[in-house]
Amino acid sequence: MSDFEKNNCSKENDANKNEDGFVKGVSKEANDFIHNTVDTSGKIIKSIAGEGGLIGKTVDSSGNIVKKASEKGSDVIGKTVDNSSKAFKSIKDKTFNRKK
């Protein structure tokens, strides 16, 4: 992915974060932080130990595991927030919008 594409994706992600609520926004921000940290540390380790060796492959594999776990956690938080919001809205509508 080129720097231009990364920049545009970053801007789109920023716009999506503004539309999300606080909890979902923080969760996505933490997920992005973890991804960037894993990528940066992987680059540093591979620049020292070598790109194609066993250490480089291990770093890639473990980094992918950490990223997937972070994504899954972020997805779970997002779904929980969405479901909670829907339930609250439904209860609120049933309670306050009764016809008399």
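Sequential numbering from 1 along the given sequence is applied to the chain's residues.
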Between Lys67 and Asn31 the two heavy atoms that sit nearest each other are O-OD1, 4.4 Å
Closest non-hydrogen contact found for Ser70 with His35 is OG-CD2, 4.5 Å
To the closest 0.5 Å, what do you measure between NZ (Lys68) and CG (Asp75)? 10.0 Å
How far does CG of Asn83 sit from CZ of Phe88, to the nearest 0.5 angstrom? 15.0 Å
Got a second to check how far Lys79's NZ is from Ser74's OG, nearest 0.5 Å? 11.0 Å
For a quick test of reading the model, state the closest non-hydrogen atom pair linking Ala49 to Ile55 and the distance between them. CB-CG2, 3.8 Å
Same hydrophobic cluster for Val81 and Phe22, using side-chain heavy-atom links shorter than 4.5 Å among ILVMFWY? yes
Treat each ILVMFWY residue as a node, draw an edge where side-chain heavy atoms are under 4.5 Å apart, and state whether Val59 and Ile48 are in one component. no
Is the backbone of Val23 close enough, under 3.5 Å, to the side chain of Ser27 for a donor and an acceptor to pair up by distance? no
For the side chain of Thr80 and the backbone of Val76, is there at least one donor-acceptor N/O pair under 3.5 Å apart? yes
Side-chain (Ser47) to main-chain (Ile44) donor-acceptor, under 3.5 angstrom: yes
Look up atom CG in Asp60 and atom NZ in Lys57, then write down how far apart they are to the nearest 0.5 Å. 9.5 Å
Side chains of Asp82 and Lys24: does their closest heavy-atom pair fall under 4.5 Å? yes
